[in-house]
Amino acid sequence: MSELHLNDQELVRRGELEELIRHGINPYPADAFPVSHSSTEIRQGFESNPEAFTEISLAGRIISRRIMGKASFVEIQDAQGRIQAYLNREEICPPDSTFLYDEFFKKLISLGDIVGVKGGVFKTQTGEISIRVKEFTLLSKALRPLPVAKEKDGVVYDAFSDQEQRYRMRYVDLIVNPHIKEAFIQRTRLVNTIRQYLNEKGYLEVETPILQPIYGGASARPFKTHHNTLDIPLYLRIANELYLKRLIVGGFDGVYEFSKDFRNEGMSRFHNPEFTQIELYVAYQDYLWMMDLVEEMIEKVAIALHGKPEVQVGDHLISFKRPWKRLTMTQAIKESTGINIDASDEETLRTAALAAGVEVTAEMGKAKIIDEIFGAKVEPYLIQPTFIMDYPVEMSPLAKTHRNKPGFVERFEAICNGKELCNSFSELNDPIDQRKRFMDQLELGQRGDEEAMVLDEDFLRALEYGMPPTAGLGIGIDRLSMIMTNSHSIQDVLFFPQMKPEKNITATPEETNTDSNIPAEWLKVIESLGLKYPEGLKGYNPNKLFNEICGANKKGKFGLTPPSRETVHHWVEKAGEVTPS
RNA sequence: GAUCUCGUAGCUCAGCUGGUAGAGCAUUUGACUUUUAAUCAAAGGGUCAUGGGUUCGAAUCCCAUCGAGAUCACCA
């Protein structure tokens, strides 16, 4: 960033920086600054035991400052909170010089600087517990002004509230809006609670591949990437289900993983391209057993976070107290709409759906129509946690066929606040049935469904070796965090939500897709190989090209610095898009 | 992807039917030894998201682009 773009406040701070250095003060000292107390420890402990606070040290960021001649008050914010410090010229300066106060503290220290103080704790005339500073150390100089807000009687004025800036510069958001931290701390507490619960049951936390040659376990569009050495496409996982089941085949009887998954789909306040799920698989259990586990576990989470099973979410007070309501899909739809999906064939159902105002089309099969009715007429109205059980088989290619209800699978979702909270089934372990379900998916894929599952031959091989009957579960951790922290958007429970790049548009956007990114000198090398640009590069193996041009460069004594393999890949890609002139 | 709304100082925001930019906080300078949205006095600070157009004249009207938010679509 060039100096030309600095605003007046940034220039002032850089001036202060130079001035500090001129006075021999390192603005970024290497020395450790041992901290004896946090702001919270001081505020909570001082009243009952003042003697323990005569010699303390504390470090943090200057968040506000009131200079009153020879005395000053600063508010210092550490990881726990804020505390006031009192500085007096005579107390921090040696008798022969007022530099430390008049120059260093007053002129060269700014809001946002990180400082360390040593001194004793006392109470001011207005009754505020404060640190009487004897030693004042600069620990890190801030070169940008902090968007500090002021507060009185609980009302915050001029808070840093621009959502775009808050998400793009979460570090600033966390400094000036400390309450934002709370949701993130709760999220971690939530994860820890689940982890502890599952560990106590003896299940093994495992790690499985994020880069997968075949993506599976869910219906979604993946992110695709490429491995150069193997020269194969790889996908970022959309789920880890099929890997965890392989581990069940391998003889583990309970495995789980907190899994960052990636889906190349739309974004909304409920969707981020990367998100976290926990998946759990337990051998010799079924979905009914899993329902009990979910109830117990989520109730524990609510209590761990709020001290009670009730959580205020928007306008609703949601109770996670066991037991939760349980309904079959059939019952739920019947209750809400009067439609009996069991007794209806596809056409009757379509007519009934249309009559109820659900948008269904002629291409939709019975299962899809049921899904549409449920999504439009039932799910949004389920506020208190509710289990919906037994889904149509077509929508659940990895779930086991229902033990006594043909056409359905042993699957449940917990719905809460109108959204899916988790998804679970008795896992399909019949390899022949599983192959058939994959084939059905393949057919969907050939008909253009971009989210249809792909066939995973190795997974089928694993099933053919025999997988015990298994109960499986997936919970969206971000969604659960949103509910548990009363957050309106997924961005409020992700430190760094995905955003479009912020850099301003270039002045001439058309120039970026001119004919070639290949520098002229390298075009010569390529031509010396007898390849014509761009048509000769179309479909050419980029790794081969890389080797050849590097070789030609050496032998032909072009004397050029070789490009990276990645760059060459890019050239080939680009060449494929260019039409020969 | 669609629709609507928004983008002005470091932050939060004004800026009318078009007439060359305002406030509070922050910043700088000065005063002030227990303040707490400290106070008092003065000063500086802007490519009005970007690029076009209409106009004598555009922050304001029109078009395009970029970015954000909301709703919808998509997403088991």
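In what follows, every heavy atom counts, from backbone to side chain, and hydrogens, waters and symmetry copies are set aside. A, B, ... follow the sequence lines: proteins, then strands. Residue 1 opens every chain.
- With C1' as the reference atom, B:A59 and B:U20 are 11 Å apart, rounded to whole Å.
- At whole-Å resolution of the value, CD1 in A:Ile67 and C1' in B:A26 are 13 Å apart.
- Looking at heavy-atom distances under 4.0 Å, A:Glu128 makes contact with a base.
- Taking the P atom of each, B:C13 and B:G69 are spaced 15 Å apart, rounded to whole Å.
- Using a 4.0 Å heavy-atom distance criterion, A:Ser161 is classed as a sugar-phosphate-only contact.
- When each of B:U33, B:A76, B:A26 is scored by its nearest atom to the side-chain atoms of A:Asn88, the top-ranked nucleotide is B:U33.
- Contact annotation for A:Glu90: base contact, defined as any heavy-atom pair under 4.0 Å involving a base atom.
- B:G18 and B:C56: their C1' atoms are spaced 12 Å apart (whole Å).
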Polar-atom pairs under 3.5 Å, protein N or O versus N or O of nucleotides 41-45 of chain B: list them with distances, or write none.
residue	atom	partner	partner atom	Å
B:G44	N2	A:Asp8	OD2	2.6

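- Atom C1' of B:C32 sits at a distance of 9 Å from the matching atom of B:C40, rounded to the whole Å.
- Annotation: salt bridge (Lys or Arg N to Asp or Glu O under 4.0 Å) contacts of A:Glu55 (sequence neighbours excluded): none.
- Evaluation of atom-type donor-acceptor distances gives a pair under 3.5 Å for the side chain of A:Thr124 against the base of B:U35.
- No engagement by A:Glu91 is indicated, since no non-hydrogen atom pair under 4.0 Å with the nucleic acid exists.
- Not a single donor-acceptor contact under 3.5 angstrom links the side-chain atoms of A:Arg65 to the base of B:U35.
- A:Ala159 comes within 4.0 angstrom of the backbone, heavy atoms only, and of no base.
- Across all strands, A:Arg132 comes closer than 4.0 Å to base atoms (heavy-atom distances).
- Closest to the side chain of A:Glu16, out of B:U28, B:G69, B:U12, is B:U28.
- Minimum atom distance to the side chain of A:His488 is reached by B:A70, of the listed B:A70, B:U12, B:A76.
- Considering only the side chain of A:Val12, B:U28 comes nearest among B:A68, B:U28, B:U35.
- Remark: ring of A:Tyr157 not stacked against base of B:G24; the cut-offs of centroid gap under 5.5 Å and plane tilt under 30° are not jointly satisfied.
- Distances from the side chain of A:Glu420 to the nucleotides B:A68, B:A76, B:A38 place B:A76 closest.
- Side chain of A:Leu111, nearest nucleotide from B:C13, B:A76, B:A26: B:A26.
- At a threshold of 4.0 angstrom between heavy atoms, the contacts of A:Met453 include nucleobase atoms, whether or not backbone atoms are also involved.
- Contact annotation for A:Arg269: backbone-only contact, meaning every heavy-atom pair under 4.0 Å involves sugar-phosphate atoms and none involves a base.
- Screening residues 152-179 of chain A for ring-ring contact (aromatic ring centres under 6.0 Å, His included) gives no qualifying pairs among residues at least two apart or on separate chains.
- By the side chain to side chain donor-acceptor pair (under 3.5 Å) test, A:Lys141 pairs with A:Glu16, A:Ser110, A:Asp113, sequence neighbours left out.
- The residue A:Asp162 sits close only to the backbone: its heavy atoms come under 4.0 Å of sugar-phosphate atoms, none of a base.
- The gap from the C1' atom of B:G45 to that of B:A9 amounts to 6 Å, rounded to the nearest Å.
- Nucleic acid contact for A:Glu372: none, since no nucleic acid atom lies under 4.0 Å from a heavy atom of the residue.
- Checked for salt-bridge contact, A:Glu10 and A:Arg13 miss the test: no charged N lies under 4.0 Å from a carboxylate O.
- Ion pairing between A:Arg411 and A:Glu413 holds under the 4.0 Å rule for side-chain N and carboxylate O.
- For A:Gln163 and B:A68, the CD to P distance is 12 Å, given to the nearest whole Å.
- In this structure, A:Lys419 reaches neither bases nor backbone, as no heavy-atom distance under 4.0 Å exists between it and the strands shown.
- As the counterpart of B:U27, B:A43 is assigned, both hydrogen-bonding distances of the Watson-Crick or G-U wobble pattern falling under 3.5 Å.
- Heavy atoms of A:Glu75 sit nowhere under 4.0 angstrom from any nucleic acid atom.
- For the side chain to side chain donor-acceptor pair (under 3.5 Å) test, residues two or more places apart in sequence or in another chain that qualify with A:Asp286 are A:Arg403.
- Ranked by how close their nearest RNA chain B nucleotide is to the 5' end, A:Pro397 and A:Phe122 are led by A:Phe122.
- Salt-bridge formation is not detected for the pair A:Asp162/A:Arg166: no Lys NZ or Arg NE/NH1/NH2 atom is positioned less than 4.0 Å from an Asp or Glu carboxylate oxygen.
- For A:Gln125, taking side-chain heavy atoms from C-beta onward, the closest of the listed nucleotides B:U34, B:U71, B:A76 is B:U34.
- Comparing the C1' positions of B:U60 and B:C48 gives an interatomic distance of 10 Å, to the nearest angstrom.
- If you take atom C1' in B:C11 and the same atom in B:G1, they sit 35 Å apart, rounded to whole Å.
- Taking atom P in both B:A21 and B:A58, the straight-line distance is 12 Å, to the nearest Å.
- Out of B:A73, B:U35, B:U33, the shortest distance to the side chain of A:Ser268 is found at B:A73.
- Along RNA chain B, the nucleotide closest to A:Tyr86 and the one closest to A:Pro147 are compared, and the more 5′ of them pairs with A:Pro147.
- At a threshold of 4.0 angstrom between heavy atoms, the contacts of A:Val148 with the nucleic acid are absent.
- Remark: A:Lys436 does not engage A:Asp433 in a salt bridge, criterion side-chain N to carboxylate O under 4.0 Å.
- Scanning atom types as modelled, one donor and one acceptor separated by under 3.5 angstrom connect the side chain of A:Gln84 and the base of B:U35.
- The residue from A:Arg237, A:Gln277, A:Glu279 that alone fulfils the side chain to side chain donor-acceptor pair (under 3.5 Å) condition with A:Ser259 is A:Arg237.
- In this view, A:Lys245 and A:Glu241, A:Glu427 satisfy the side chain to side chain donor-acceptor pair (under 3.5 Å) rule, not counting sequence neighbours.
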